[in-house]
Amino acid sequence: MNWGLVVLLTAAISTILIIIQRTEARRRRAVTWFMLLFFPVIVWFTSRRDGWGELILALVISLLFSFLFWVLIGRYNPVGSSDDIRVLGLDD
């Protein structure tokens, strides 16, 4: 098992999942489609190195990381709306 490949794939997949998770609800569909464009690149990269076992292990670890991120941070700090953003210093 190539542990360097597992770490690389875990970081890539976890980043994609957490970005999708922390996106504003109105834009989540567009961001999900954009992030899914990277998945064929990940599959191609894995197939070139014949690392299907590493991909499955990285996917499981990434799902676990994403779930833990949601449990520890996401539930208590929900994603805000862009309508709630206030810029300091404006006379509105």
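Just so we're clear, the structure is a prediction, and the values are computed from it rather than from any experiment.
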Following the transitive rule for hydrophobic clusters with a side-chain heavy-atom cut-off under 4.5 Å over Ile, Leu, Val, Met, Phe, Trp and Tyr, establish whether W44 and L8 coincide in one cluster. yes

Run W70 and L17 through side chain to side chain contact (heavy atoms under 4.5 Å, CB included) and show every step you take. CA-CA 11 Å; W70 176 75; L17 290 175; over 6 Å; no

If two hydrophobic side chains count as joined below 4.5 Å and joins carry through other members, does L37 share a cluster with I19? yes

Which distance, rounded to the nearest 0.5 Å, do you find between the CD1 of I73 and the CD1 of I18? 8.0 Å

CZ (R48) with more than 12 external heavy atoms under 6.0 Å: no

Closest approach of E24 and S81, non-hydrogen atoms and distance? OE2-OG, 3.6 Å

For A11, is there any backbone N or O sitting under 3.5 Å from a side-chain donor or acceptor partner on S14? no

Using side chain to side chain donor-acceptor pair (under 3.5 Å) as the criterion, list what pairs up with T23, not counting sequence neighbours. none

Other than L68, what residues sit in its cluster of Ile, Leu, Val, Met, Phe, Trp and Tyr side chains whose heavy atoms are under 4.5 Å apart, directly or through others? L64

Please check: side-chain N/O of E54 versus main-chain N/O of V6, any donor-acceptor pairing under 3.5 Å? no

Hey, does the side chain of S66 reach the backbone of S62 with a donor-acceptor pair shorter than 3.5 angstrom? no

Sub-4.5 Å side-chain heavy-atom contact between L59 and T10: no

Could you report the tightest heavy-atom contact between V71 and Y76, atom names first, then the distance? O-CE1, 3.5 Å

Flag yes if L5 and I13 sit in one hydrophobic cluster, no otherwise; membership is Ile, Leu, Val, Met, Phe, Trp, Tyr, and two members link when side-chain heavy atoms are under 4.5 Å apart. yes

Can you name the closest pair of heavy atoms from R28 and Q21 and give their distance? NH2-O, 3.6 Å

Over 60° means perpendicular and under 30° means parallel, so tell me whether F34 and F38 are parallel, tilted or perpendicular. perpendicular

Any link between M35 and L63 through a network of hydrophobic side chains (Ile, Leu, Val, Met, Phe, Trp, Tyr) touching at under 4.5 Å? yes

Between CD1 of I20 and OG1 of T15, what distance do you get to the nearest 0.5 Å? 11.0 Å

Taking every heavy atom of G51 against every heavy atom of T46, the minimum-distance pair comes out as O-CG2, 2.9 Å

I16 with V43, same ILVMFWY side-chain cluster at under 4.5 Å: yes

More than 12 heavy atoms of other residues, nucleotides or ligands under 6.0 Å from CZ of F65: is that the case? no

